[in-house]
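The structure appears right after this line, and notes come after that.
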Amino acid sequence: MHQLRLLGSLVLLALLLLVSRRSEASIYNILGFFSKIELPPHASSTIARCRQLDMQAGPSDDFWSRSASDRFEPGTKPILIQDGKIWTGGENGTEIICGDVLLEKGLIKSISRFSVESLLAYGSDIVVVDAKGSWITPGIVDVHSHLGDASSPALSGAVDDNSGKGTIQPWLRSLDGLNTHDESYQLSIAGGVTTSLILPGSASAIGGQAFVMKLRETKERSPSSMLLEPPYHINSSFPDPNLPPRWRHMKHACGENPSDEYNDTRMDTIWEFRKAYNKATQIKERQDEYCAQALSGNWEGLGEFPDDLQWEALVDVVRGRVKVNTHCYEAVDLDGLVRLSNEFKFPIAAFHHASEAYLVPDLLKKAYGQTPAVALFATNGRYKREAYRASEFAPRILAKHGITVVMKSDHPVLNSRYLLYEAQQAYFYGLPENLALASVTSNSAKVIGMDHRIGHIKEGYDADLVIWDSHPLALGATPSQVFIDGIPQLDSPYVVHKPNHFQVTPKVPNFDKQADEAVEYEGLPPLTPTKARHDTTIFLNVKAVFERTTGAVQQVFSAQDEAELGVVVTRNGSIVCSGERVSCYTPAFFGADAQVVDLEGGSISPGLVSFGSPLGLQHIDLEPSTQDGYVFDPFSPKGVPEIVGGDYALVHAVDGLEYGSRDALLAYRAGVTTGITAPSHKGFFAGLGTSFSLGAAHRLEPGAVLTETTAVHVSVRHIGTPSVSTQIAVLRRLLLGPQEGAAGYWFNKVKEGEIPLVVEAHSADIIATLAILKSEVEAETRKTLKLTITGGTEAHLLAKELAEAHIGVILSPSRPFPYVWEDRRILPGPPITRDSAIVNLIENGVVVGIGCEEIWSARNLPFDVAWAAIEAGGRLSREQAFAIGSTNIEKLLGSKVDSDKTDLVATQRGDLLDGSRVAAVISPTRQGVFVFS
């Protein structure tokens with residue numbers, strides 16, 4: 001028996017030597033030679049598999065010697081990009097090279113200055129692109145996307161991001177639901193996104209396996225052909241063990257999402273995690289024991305290799321060969337997953353959302369094996385309880401603690417076309433420039449295990465890069481060309497030519513104090529401004545003053561140069577003098593009882609107006625106890641209770657106002673001083689809108705309510721019941737009679753032209769029908785019906801007709817996206833189309849405003865307005881830009897405030913649309929100046 005085992009060991013040695021050389025034929029020759037020894041038929045493959053168990057995932061040994069990309073499309077010509085300012089991703093994101101980039105066979109072949117002589121070998125095959133000194137970066141990498149699995153436009157036949165059939169499902173694969181007809185692909189490419197990690201949703205604790213995908217269309221047109229380094233498991237339950245393992249990816253989630261989906265508690269979710277990992281660990285241990293015996297040459301009683309198709313992916317997690325991406329927000333959940341990683345000894349690649357990660361950096365460093373990266377939104381927060389302490393300063397705080405920060409879209413939660421905007425905001429609030437760019441390129445590539453081929457501009461890397469029309473961190477930066485695998489993705493792109501200052505690193509305010517306070521107050525720092533101590537406030541070193549006139553914005557002062565900066569004097573919140581220093585800075589205005597604010601070359605401009613979200617009616621979107629709630633729907637089976645007034649009741653938004661929400665105060669600090677809102681609703685009827693101050697503490701405060709009733713609001717959409725034609729029929733009756741109840745009273749005011757009718761409508765077909773209905777009413781009454789369309793995604797298709805009918809439009813969102821079918825005919829703007837929807841409508845004579853969709857985004861209205869102006873390429877004046885975010889909205893929504901009673905915003909070192917910090921709000925209605933520290 002001893003001799004038999006010795007012989008078996010010799011056979012094993014021969015097998016090991018040959019397996020290491022991957023010579024399967026020779027293995028079987030040896031097995032034939034020793035045929036008298038009873039070895040299982042799977043011995044060779046089993047030994048190979050056992051040897052592979054200890055191999056770590058990553059590129060193969062011969063990867064670095066490749067001369068062509070595995071994704072190279074035959075027939076693709078070499079491309080030379082000349083004269084670029086190249087952000088390579090090297091040296092921690094600080095390396096910038098001025099030169100040329102040669103792309104060939106899907107790879108970056110060289111980075112240098114090329115002479116004409118050096119290109120002669122290519123003959124006429126090479127394509128030369130003159131970057132003209134433009135910035136060039138690696139392609140944008142999105143570490144958290146549901147593109148293709150949560151398709152756009154959203155249709156019930158293509159919702160494949162969440163299963164909902166079990167808390168633990170590591171066997172599911174996002175690849176199996178990947179829709180190649182999602183309209184987001186080309187839009188995201190137009191934003192410079194070249195690669196995305198497609199994650200399952202977060203309804204389950206373990207939602208399944210994720211896959212890295214390049215966004216370009218392939219000749220095969222299949223989901224599999226879009227994958228980047230897919231694990232070999234996609235074509236085999238148990239792949240050839242002679243192949244080196246590639247990185248795999250998996251989605252985990254904790255906290256509210258799995259709890260809500262399965263009616264569980266956090267305790268239940270963590271227990272489900274532990275059960276699953278215990279099972280995976282047990283399988284791993286059986287495999288290790290099996291291999292130890294097989295590799296010792298003792299095959300007696302071994303049988304088949306212990307495997308389980310359902311659990312093999314989770315077994316790979318505990319072997320450290322899977323990038324685990326975990327949806328977790330709060331410290332309690334982060335702590336639970338860190339403990340889980342240590343209990344079962346697996347690394348976590350990144351915590352996603354992680355709204356409290358910046359408060360517990362030392363906890364993250366205790367995770368098993370490595371400190372997880374943190375994937376964040378820039379300003380999207382407070383939409384549920386676990387996101388309530390989210391901070392715009394989180395990226396900078398985490399980076400200061402040495403933790404890798406990446407920005408993500410969670411597409412379509414945020415449109416991944418604008419993922420770079422997340423990095424721009426992170427930079428604005430203090431993330432260093434090199435790390436801000438790395439957060440969507442090199443560091444993102446590293447987090448998903450692909451930094452050996454993407455995320456850098458480096459010889460031998462994939463030819464994925466973007467030429468930008470401005471500095472990538474400048475607001476509105478847009479690709480002038482995108483390359484994926486060396487293939488240009490934009491056909492005849494429209495490029496907006498921007499001033500020189502857009503080509504340099506943007507200047508940003510200093511938020512050191514605010515970042516420190518975010519930690520000091522555990523994510524809830526005080527936001528309320530301080531009212532100026534004295535009746536008189538003097539603003540020094542003012543560069544420009546913009547004021548509201550009747551229905552417009554006008555510049556009333558502009559300093560000719562830095563030596564002649566002006567002065568503005570206010571008393572009790574009203575301007576009493578503005579202009580040159582000699583005119584206003586006099587003893588009559590200056591004294592011990594005046595507060596002085598130095599704007600350091602800043603400006604004074606109108607406060608902006610928020611509309612489109614339930615700002616003022618809620619604190620936390622997903623917590624019913626923190627909000628006004630939804631109005632009764634007269635089309636529902638139960639209708640509206642008689643005690644409310646029956647089906648003809650109209651609800652007043654002013655009665656449900658909730659002041660002092662964090663989102664309202666954050667918007668106020670950003671220069672958005674007024675909110676206009678309609679009652680929250682899910683159907684046709686909304687009710688009566690109201691206009692109010694975002695800075696007020698309560699309704700009884702002077703100036704808290706600006707216009708009690710602004711307009712009648714309804715929605716006409718294809719979503720829900722009843723039919724669109726039924727909704728139009730009801731609207732026709734309400735307008736043309738007979739009119740009954742409260743609705744009759746207010747619709748009569750609409751019919752008489754006393755207040756506007758505001759209709760949420762996105763489809764051009766619905767908007768056209770509403771225009772016809774308007775003309776019907778006007779033909780009967782001989783009066784002008786004030787009609788405003790909100791949403792308005794497809795309004796650009798009717799721009800001329802809307803102008804002729806005097807129908808205004810509030811675009812919400814301001815940058816369109818095909819969320820649902822009635823949104824699909826968008827006008828995307830540069831680089832896909834010359835005009836944005838905003839410019840198209842304005843140039844056709846339509847009065848336009850821009851809105852926001854969620855309460856957290858109200859604070860970003862200054863960015864949205866500025867972006868619209870930038871995208872217009874000089875076709876919108878500064879005054880017009882301010883108007884689309886202020887006076888136009890008030891006009892279209894029926895807010896009646898005298899121009900001399902509206903709030904003004906004072907900013908330091910620039911104006912409100914330059915990204916300058918707001919220093920104070922000048923409020924006539926609240927009778928004071930409110931100063932931000």
Side-chain angles (χ1 to χ4, degrees), residues 144 146 150 152 154 202 256-257 329 353 355 376-392 407-419 421-422 425 527 608-624 626-630 653 656-658 660-672 674-682 686 689 692 694 713 715 717 719 760 762 790-793 810-820 823 849-865 867 885 889 893:
H144 187 139
H146 304 290
S152 302
S202 54
E256 292 184 28
N257 281 28
Y329 284 80
H353 304 303
S355 58
L376 295 167
F377 293 131
T379 53
N380 185 356
R382 295 164 299 283
Y383 43 87
K384 54 182 174 178
R385 194 197 68 84
E386 61 187 7
Y388 194 63
R389 294 174 188 266
S391 173
E392 62 271 35
M407 308 308 292
K408 51 131 172 81
S409 73
D410 198 3
H411 182 95
V413 174
L414 298 183
N415 180 358
S416 66
R417 178 182 178 185
Y418 304 118
L419 176 55
Y421 176 45
E422 296 300 292
Q425 292 174 84
L527 298 175
L608 301 184
V609 181
S610 170
F611 172 76
S613 75
L615 188 67
L617 295 177
Q618 65 176 217
H619 289 256
I620 304 174
D621 182 30
L622 297 181
E623 291 290 342
T626 72
Q627 55 190 268
D628 177 48
Y630 292 94
L657 286 177
E658 298 180 358
S661 73
R662 297 195 70 79
D663 285 298
L665 292 173
L666 285 167
Y668 195 69
R669 295 177 76 90
V672 185
T674 300
I676 299 178
T677 190
S680 298
H681 64 291
K682 294 183 178 179
F692 61 101
L694 293 180
H713 293 255
S715 292
R717 304 197 61 183
I719 299 172
E760 181 187 6
H762 298 255
T790 69
T793 308
I810 296 179
L811 291 169
S812 181
S814 58
R815 296 178 293 281
F817 181 74
Y819 290 106
V820 293
D823 292 323
I850 60 177
C852 57
E853 296 176 287
E854 298 181 70
I855 62 174
W856 64 265
S857 62
R859 67 181 301 173
N860 292 331
L861 185 57
F863 290 142
D864 294 336
V865 172
W867 198 333
I889 297 175
L893 296 179

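Note that these values count all heavy atoms, side chains included, but never hydrogens, waters or copies made by symmetry.
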Verify side chain to side chain contact (heavy atoms under 4.5 Å, CB included) between L527 and L666, making sure each step is shown before the conclusion. CA-CA 7 Å; L527 298 175; L666 285 167; 3.9 Å; yes
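Not counting sequence neighbours, the partners of D628 by the side chain to side chain contact (heavy atoms under 4.5 Å, CB included) test are L617. Considering only residues two or more places apart in sequence or on other chains, Y418 meets the side-chain hydrogen bond (donor to acceptor under 3.5 Å, both in side chains) condition with none of them. Partners of F817 by ring-ring contact (aromatic ring centres under 6.0 Å, His included), not counting sequence neighbours, listed by chain and number: H411, Y819. Under the side chain to side chain contact (heavy atoms under 4.5 Å, CB included) criterion, L622 pairs with K384, sequence neighbours left out. Scored by the side chain to side chain contact (heavy atoms under 4.5 Å, CB included) test, H619 finds T626, E658, S661 as partners (sequence neighbours excluded). By the side chain to side chain contact (heavy atoms under 4.5 Å, CB included) test, T790 is found to be paired with F611, V758, E760, T788, I810, residues two or more places apart in sequence or in another chain being considered. Y421 is linked by a side-chain hydrogen bond (donor to acceptor under 3.5 Å, both in side chains) to nothing, counting only residues two or more places apart in sequence or in another chain. With sequence neighbours left out, the side-chain hydrogen bond (donor to acceptor under 3.5 Å, both in side chains) criterion links N415 to no other residue. With sequence neighbours left out, H144 forms a ring-ring contact (aromatic ring centres under 6.0 Å, His included) with H146, H352, H353. In this view, T793 and H762, D823 satisfy the side-chain hydrogen bond (donor to acceptor under 3.5 Å, both in side chains) rule, not counting sequence neighbours.
Counting heavy atoms from C-beta on, the side chains of L608 and I889 never come closer than 4.5 Å. Residues E256 and Y329 are not in side-chain contact: their nearest non-hydrogen atoms beyond the backbone lie 4.5 Å or more apart. Counting only heavy atoms from C-beta outward, the side chains of M407 and L376 approach each other to under 4.5 Å. Taking 4.5 Å as the limit, every side-chain heavy atom of S680 sits out of range of all side-chain heavy atoms of Q627.
Side chain of E422 to main chain of A378: a donor-acceptor pair is present (N/O by atom type, distance under 3.5 Å, no hydrogens or angles). Side-chain N or O atoms of S409 include none that pairs as donor or acceptor with a backbone N or O of R417 at under 3.5 Å. Not one N or O on the side chain of R385 forms a donor-acceptor pair closer than 3.5 Å with the backbone of E623.
The CG atom of L665 lies 8.5 Å from the CG atom of L694; values are rounded to the nearest 0.5 Å. Separation of atoms CD1 (I676) and OG (S613) is listed at 11.5 Å; rounding is to 0.5 Å. Remark: D410 CG to F377 CZ distance equals 4.5 Å, nearest 0.5 Å.
Scanning both residues, A686 and A678, for their nearest heavy atoms gives CB-CB, 4.4 Å.
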Review item, side-chain donor-acceptor pairs of residues 855-865, under 3.5 Å, at least two apart:
{"residue": "W856", "atom": "NE1", "partner": "N380", "partner atom": "OD1", "Å": "3.1"}
{"residue": "W856", "atom": "NE1", "partner": "E854", "partner atom": "OE1", "Å": "3.4"}
{"residue": "S857", "atom": "OG", "partner": "E854", "partner atom": "O", "Å": "2.7"}
{"residue": "R859", "atom": "NH2", "partner": "E392", "partner atom": "OE2", "Å": "2.9"}
{"residue": "R859", "atom": "NH2", "partner": "Y429", "partner atom": "OH", "Å": "3.2"}
{"residue": "N860", "atom": "ND2", "partner": "T379", "partner atom": "OG1", "Å": "3.0"}
{"residue": "D864", "atom": "OD1", "partner": "R815", "partner atom": "NH1", "Å": "3.1"}
{"residue": "D864", "atom": "OD1", "partner": "R815", "partner atom": "NH2", "Å": "3.2"}

